[in-house]
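Structure record follows, encoded as structure tokens.
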Amino acid sequence: MSTALPPRPRNISNSKARISIVASKYNEEFTDALVENAKDELAAIMPHARVDVVRVPGAFEIPVACAAVLAGEEKPQAVIALGLIIRGKTQHGDLVAESVSTSLQEMAVKHVTPVIHEVLLVEDEKQAYARCIGSQLNRGREAARAAESMVELFSKLKHDPDSKKKLNRQFPSNA
Ligand SMILES: Nc1c(NC[C@H](O)[C@H](O)[C@H](O)CO)[nH]c(=O)[nH]c1=O
Ligand SMILES: CC(=O)[C@@H](O)COP(=O)(O)O
């Protein structure tokens, strides 16, 4: 089990990036906490960013909502996907988790936009508490830090002429 979060960035970002959080409502005690921790961390490390939140019924609806956000006129610089799947007595939880993971990664590559994946599959509420409400392993904070790191990276890639040429050659639709 991972024992700690990645560290906070040393410098506060001045980025005015747009960050979209797409979160499921299912298991809302835990998913609400993921959203609040992600927003709180973004406010601390990216205080000038614009953060929008979209809520969907369950984890399985997260990818299609991410697709809608990415297809919008004001495409975000990063999407944070938050959800909590608690494994039940059937394979449904695993099927949902697998489908969501694959869809999110495919979308990130297709849109050349970071999609931060914190749609969790856990065994029980104890694991859920540690990752959604607790502080040491909080996946909402982890998601915010990953989003900040990727926004900064992509900004450098975009403004570095050499990288820009490579990116445009590889993904001409994003030029
Ligand atoms: N059991 C959980 C679900 N199940 C619902 C699905 O995500 C989906 O909304 C339904 O299959 C209709 O398409 N969702 C969670 O987010 N977490 C669960 O533990
Ligand atoms: C992830 C789910 O949909 C799950 O909670 C459903 O429980 P079960 O597998 O016992 O039907």
Side-chain angles (χ1 to χ4, degrees), residues 1-6 8 17-46 49-151:
M1 175 180 88
S2 56
T3 56
L5 295 179
R8 262 192 182 178
R18 183 173 182 184
I19 311 281
S20 293
I21 295 175
V22 178
S24 46
K25 293 179 197 168
Y26 207 107
N27 296 316
E28 66 180 348
E29 174 195 357
F30 299 109
T31 51
D32 286 356
L34 281 174
V35 171
E36 289 312 308
N37 275 280
K39 286 168 66 177
D40 187 43
E41 187 71 11
L42 286 171
I45 64 177
M46 298 183 82
R50 172 181 160 177
V51 181
D52 299 310
V53 179
V54 173
R55 299 300 297 260
V56 294
F60 194 74
E61 285 72 43
I62 290 174
V64 70
C66 290
V69 163
L70 288 165
E73 283 185 12
E74 292 183 64
K75 194 172 91 165
Q77 280 67 56
V79 177
I80 294 175
L82 302 173
L84 178 72
I85 301 166
I86 301 178
R87 201 175 251 130
K89 295 181 172 58
T90 70
Q91 292 299 306
H92 191 228
D94 293 85
L95 293 172
V96 169
E98 180 70 29
S99 168
V100 168
S101 295
T102 302
S103 300
L104 293 180
Q105 189 67 279
E106 286 173 352
M107 232 178 303
V109 171
K110 177 186 174 187
H111 292 276
V112 195
T113 301
V115 177
I116 308 304
H117 179 354
E118 295 288 1
V119 181
L120 313 177
L121 172 62
V122 300
E123 297 299 330
D124 53 37
E125 294 205 353
K126 182 181 177 187
Q127 287 186 350
Y129 185 95
R131 290 155 181 78
C132 300
I133 298 173
S135 55
Q136 189 185 357
L137 285 180
N138 196 276
R139 299 306 187 215
R141 292 190 184 277
E142 180 175 82
R145 294 177 188 176
E148 186 274 341
S149 174
M150 289 304 287
V151 165

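Predicted model only: the values in this text are computed from it and were never measured. Atoms within a ligand are numbered from 1 in the order they appear, just like the ligands themselves.
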Considering non-hydrogen atoms of the protein only, which is the closest contact for atom 6 (C) of ligand 2, and what is the distance?
His92 ND1, 4.4 Å
Mark the output for His92 as yes if a heavy-atom distance to ligand 1 is under 4.0 Å, and as no if none is.
yes
Side chains of Asp52 and Pro76: closer than 4.5 Å at any heavy-atom pair?
no
Atom 9 (O) of ligand 1 has as its nearest protein heavy atom Glu61 OE1, 2.7 Å
Distance from atom 7 (O) of ligand 2 to nearest protein heavy atom, with residue and atom:
Gly88 CA, 3.7 Å
The closest protein heavy-atom partner of atom 4 (N) of ligand 1 is Tyr26 CE1, 3.5 Å
Students should be able to answer this: which protein heavy-atom is nearest to atom 10 (O) of ligand 2, and at what distance?
Lys89 N, 2.7 Å
Residue pair Glu118 / Leu34, side-chain heavy-atom distance below 4.5 Å
no
Report, in ascending order of atom number, the atoms of ligand 1 lying under 4.0 Å from any heavy atom of Ile86.
19 (O)
With side chains defined as the heavy atoms from C-beta onward, is the minimum distance between Tyr26 and Leu84 less than 4.5 Å?
no
Using heavy atoms and a threshold below 4.0 Å, how should the contact between Phe60 and ligand 1 be classified: side chain, backbone, both, or neither?
both
Ala65 to Val56 - nearest heavy-atom pair and separation
CB-CG1, 3.6 Å
So, is Thr90 polar-close to ligand 2, with some N/O to N/O distance under 3.5 Å?
yes
Determine whether more than 12 heavy atoms belonging to other residues, nucleotides or ligands lie under 6.0 Å from atom CD of Gln127.
yes
Closest to atom 17 (N) of ligand 1 among protein heavy atoms sits Leu84 O, 2.8 Å
Should Val96 be counted as touching ligand 1, given the test is an N or O pair under 3.5 Å?
no
Using distance alone, determine whether Ala59 and ligand 1 share an N or O pair under 3.5 Å.
yes
Any Lys75 side-chain heavy atom under 4.5 Å of Val69 side chain:
no
Do Leu121 and Asp94 have side-chain heavy atoms sitting under 4.5 Å apart?
yes
Have a look at ligand 2 and work out which part of Ile86, if any, has a heavy atom under 4.0 Å from it: side chain, backbone, both or neither.
backbone
In ligand 1, the atoms that come under 4.0 Å of a heavy atom of Asn27 are 17 (N), 18 (C), 19 (O)
Give the contacting part of Ile85 toward ligand 2: side chain, backbone, both or neither, where contact means a heavy-atom distance below 4.0 Å.
side chain
Tell me, with the steps shown, if Met150 and Gln77 meet side chain to side chain contact (heavy atoms under 4.5 Å, CB included).
CA-CA 9 Å; Met150 289 304 287; Gln77 280 67 56; over 6 Å; no
Any donor and acceptor pair, going by atom type alone, linking the side chain of Arg55 with main-chain N or O of Ser24 inside 3.5 Å?
yes
Measure the distance from atom 1 (C) of ligand 2 to every protein heavy atom, then report the residue, atom name and distance (to 0.1 Å) of the closest one.
Gly93 CA, 3.3 Å
Could you check whether Glu142 pairs with Arg145 (Lys NZ or Arg NE/NH1/NH2 to Asp/Glu carboxylate O, under 4.0 Å)?
no
